[in-house]
**Q** 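Quick one: structure below, then a few questions.
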There are 2 protein chains.
Amino acid sequence: MPVTIRDVARASGVHISTVSRTFSAPHLVNPETRVRVLACAEDLGYRPNRAARALITGRTHNIGLIIADIANPFFPPLIKAAESQARHRDYHVFVADTNEDAAAEEELVHALAKQVDGVLLCSPRMSNSLIEQLSREVPLVVVNRQLAGLPCVLMDVGQGARSAIEHLAGLGHREIALLGGPRGSWTSRELRRAAGVAARAAGADLTVLGPNPPTEHGGLAQAEQVRRAGVTAVLAYNDLMAIGLLEGLDALGVAVPGEVSVVGVDDISLSRLTRPKLTTVATPTAAAGRTAVDMLLQQDTDLPRTGRASGAAAVAVGVRRTTAQVMLQTELVIRDSTGPGPYAGRERSGATAAGPGPHRRADPGGPRVAAGDVVAS
Amino acid sequence: MPVTIRDVARASGVHISTVSRTFSAPHLVNPETRVRVLACAEDLGYRPNRAARALITGRTHNIGLIIADIANPFFPPLIKAAESQARHRDYHVFVADTNEDAAAEEELVHALAKQVDGVLLCSPRMSNSLIEQLSREVPLVVVNRQLAGLPCVLMDVGQGARSAIEHLAGLGHREIALLGGPRGSWTSRELRRAAGVAARAAGADLTVLGPNPPTEHGGLAQAEQVRRAGVTAVLAYNDLMAIGLLEGLDALGVAVPGEVSVVGVDDISLSRLTRPKLTTVATPTAAAGRTAVDMLLQQDTDLPRTGRASGAAAVAVGVRRTTAQVMLQTELVIRDSTGPGPYAGRERSGATAAGPGPHRRADPGGPRVAAGDVVAS
DNA sequence: TTGAAAGCGCTAACAA
DNA sequence: TTGTTAGCGCTTTCAA
């Protein structure tokens, strides 16, 4: 029933190889023949079978997207952008969810390897060494994790943490808590590192609470701890956790930002809808998805694959992989969940709230562009 | 570089067809040979190439998931459940986003047809006739749309609308608005129909506002209209729109539920986080994803495909397709966005707020099971 | 510019 | 129980 290249050949009175050329190397075919073949193909509704094509060319024109948790609102915009970008380049996208499980990640890379030209690993929980090993099986681009020798798309959460801490210190907070993310998260480590440095510079104390699951519940569960820690401000691993904390503090009768200020990370769309609206470090999720796909396909273009006509020669030359690492800017978006702390108005060292840095008073709904900087290649 | 069936055959000293059987018909192979082959395969890290296999068997072991808008929080739980269910059955999932565009839907079905064993069409915007036509190209299961002769997974939003209207009428509301969804949405029509009937039965007036885009902005934009319409209660097409309306009313200084009560549909996780918390008709999104995948794969099992060994005979017999339509229950979850209306406490006809029907006082976080009823086959 | 032929990795008749 | 063979739909040498 499905129409094959042979049907088109028969209908247009040429050999199948001519039909093949019409689609994959049109310039090698007589214009008149070409239009005739194209017309027949159109008529019959012919579409080349990509899988059959892949068998020879070694390119599937598919990519894989491995996601820690599709239901986490951080990811859908990334998935959407990646899928859109891929499709513009005539690639289809497999999406798989790992439930934050490292073993599932590994299995999925294996399972998809033969069906795709590359895989996007988003916020992986695997060890670096395992990721490196898997990258020998199939081209990989990693999002939210830095690995030497592998193409990575990173968001500058370090800068974000710095801005957040400076913002809080500028408001007069000296006792600040950091709600850590899940174990194995690069973002969480980075946040912790940068927040620690910034707190020291601002003369504030930083208490680290965690690790925590990167969910609303993770934040909710820490509300009690936050109160007991006696801090007046909290930077959470992500918005979901910050929102959970908002809930938890509300249940405990702790006023935000009256008694405690809260800052999230990500700027998921939800964060404009809570009461109070959440101050947060916006991460350019969609840009990350687009960029990661571009890097993967770029690599795919550079890197000849196992097709009959490729391989050996290029490998002998010593395939030069593109291993650029891109760091995308983040930006502090100040809303209503942060307010004056106990030291508000007093003199202190360090940057002031109005000082330099990528701050921004929340503007209701305007577009935001994130610039990408190559930090290594 | 990638290891093929031939490498395994060589390593284990058998013919490739024996290796093939070891994987696709193990009972036809001598147990000793089998373990040897399996050991070699394991050693070499062999995985059968599914695309090559599909060329012969006619089954790709892939399915397609076509989604109106991945970033709409209604869909991620559905995607997650569908992907998980598919993977349990050893299927991989292509995900594609159409941006609510009917033409993109059609193109995507064509594009994916050859690479998948079936497609899940989620909340399609295409016409019925086009969907029917496409279903001749590739097996389809449709979610949130009823089509004679096609397997469908529906959520009983009609019942949900009824419950919502009865709830509002029971609270003493007589002037109710319905915020309609996008054009071409089965759910929107169904909601409107059922809400109309229920309102009449309860002696209430129903004003329909719309169509609207199924987004927060769609609701926000209608806030002014809602106020002018002089209604005291609103049922919105979905939670996103309801939340937008909440925002809009807040900006206008209209108290919820003091002056206007608001009910959403879907129970996305966000709806527990707004202030006030949203009363809403919970739809079993994850169950819908799972069920739809099951129906698709069931159909795939019944329906022989274009492999060499299949086709003709079965087609001649007149392939009996599974066209069951499943209707999943919805449930009204009462939270804080609905309250007494101007006629509260007065006598009236119709069901009371405490009357029968699938109501539920919000219980904080307990699991909910949705039962599926076959309404046709 | 086109056709002939080989073969990508695999499965499924058929024979032994 | 295993090997032989043909061929799924397609691309790509090679020759004409």
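Convention: sequence-line order gives letters A, B, ...; per-chain numbering from 1.
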**Q** For T4(B), answer base if it contacts any base atom (sugar-phosphate contacts may also be present), sugar-phosphate if it contacts only those atoms, and nothing otherwise; contact means non-hydrogen atoms under 4.0 Å.
**A**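 Touches sugar-phosphate only.
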**Q** Rounding to an integer number of Å, can you tell me how far Q115(A) CD sits from dC10(C) C1'?
**A**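 It works out to 14 Å between those atoms.
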**Q** Nearest 0.5 angstrom please: D97(B) CG to F75(B) CZ, how far?
**A**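 CZ of F75(B) is found 9.0 Å from CG of D97(B).
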**Q** With the side chain of N49(B) defined as its heavy atoms from C-beta on, choose the nearest nucleotide among dC10(D), dT12(D), dC10(C).
**A**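 That would be dC10(C).
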**Q** Between dC8(D) atom C1' and R50(A) atom CZ, what is the distance in whole Å?
**A**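 Computing the R50(A):CZ to dC8(D):C1' distance gives 19 Å.
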**Q** Give the rounded distance in Å between these two atoms: CZ of R10(B) and C1' of dG9(C).
**A**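 About 13 Å, once rounded to whole Å.
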**Q** What's the spacing between I66(B) CD1 and L140(B) CG if we round to 0.5 Å?
**A**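 That separation rounds to 7.5 Å.
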**Q** By a strict heavy-atom criterion of less than 4.0 Å, which residues belonging to residues 18-37 of chain B are in contact with DNA chain D?
**A**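 Within this stretch, T18(B), R21(B), L28(B), V29(B), N30(B), T33(B) sit under 4.0 Å of the strand.
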**Q** Which part of the nucleic acid, if any, lies within contact of R6(B), taking any heavy atom under 4.0 Å across all strands shown: a base, the sugar-phosphate backbone alone, or nothing?
**A**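 Answer is base: heavy atoms of R6(B) come under 4.0 Å of a base.
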**Q** Once you round it to whole Å, what is the distance between P of dT12(D) and CD1 of I56(A)?
**A**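 Atom-to-atom, I56(A) to dT12(D), this comes out as 7 Å.
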**Q** Using modelled atom types and a 3.5 Å cut-off, is there a donor and acceptor pairing between side-chain atoms of T60(A) and backbone atoms of Q115(A)?
**A**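 Such a contact is found between T60(A) side chain and Q115(A) backbone.
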**Q** Which nucleotide sits closest to the side chain of I5(B): dC8(C), dC10(D), dT11(C)?
**A**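 Closest nucleotide among those given: dT11(C).
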**Q** Is R50(B) salt-bridged to D90(B), going by a charged N under 4.0 Å from an acidic O?
**A**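 D90(B) and R50(B): salt-bridged.
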**Q** Is the shortest heavy-atom distance from the side chain of I5(A) to the side chain of S20(A) under 4.5 Å?
**A**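 Side-chain contact under 4.5 Å: yes.
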**Q** I16(B) CD1 to dC8(C) P: how many Å, rounded?
**A**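 So the two atoms are 10 Å apart, to the nearest Å.
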**Q** Take the protein atom NE2 of H15(B) and the nucleotide atom P of dC14(C), then report the distance between them rounded to whole Å.
**A**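 Atom NE2 in H15(B) sits about 18 Å away from atom P in dC14(C).
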**Q** Identify every side-chain donor-acceptor pair in residues 40-47 of chain B under 3.5 Å, counting partners at least two apart or on other chains, and give the distances.
**A**
| unit_1 | atom_1 | unit_2 | atom_2 | d |
| --- | --- | --- | --- | --- |
| R47(B) | NH1 | E107(A) | OE2 | 3.2 |
| R47(B) | NH2 | E107(A) | OE1 | 3.3 |

**Q** Check the pair T291(B), V141(B) against side chain to side chain contact (heavy atoms under 4.5 Å, CB included), reporting the backbone distance first and the verdict last.
**A** CA-CA 10 Å; T291(B) 306; V141(B) 168; over 6 Å; no
**Q** Starting at atom CG of L55(B), determine the distance to atom P of dA6(D), rounded to an integer number of angstrom.
**A**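 These atoms are roughly 18 Å apart.
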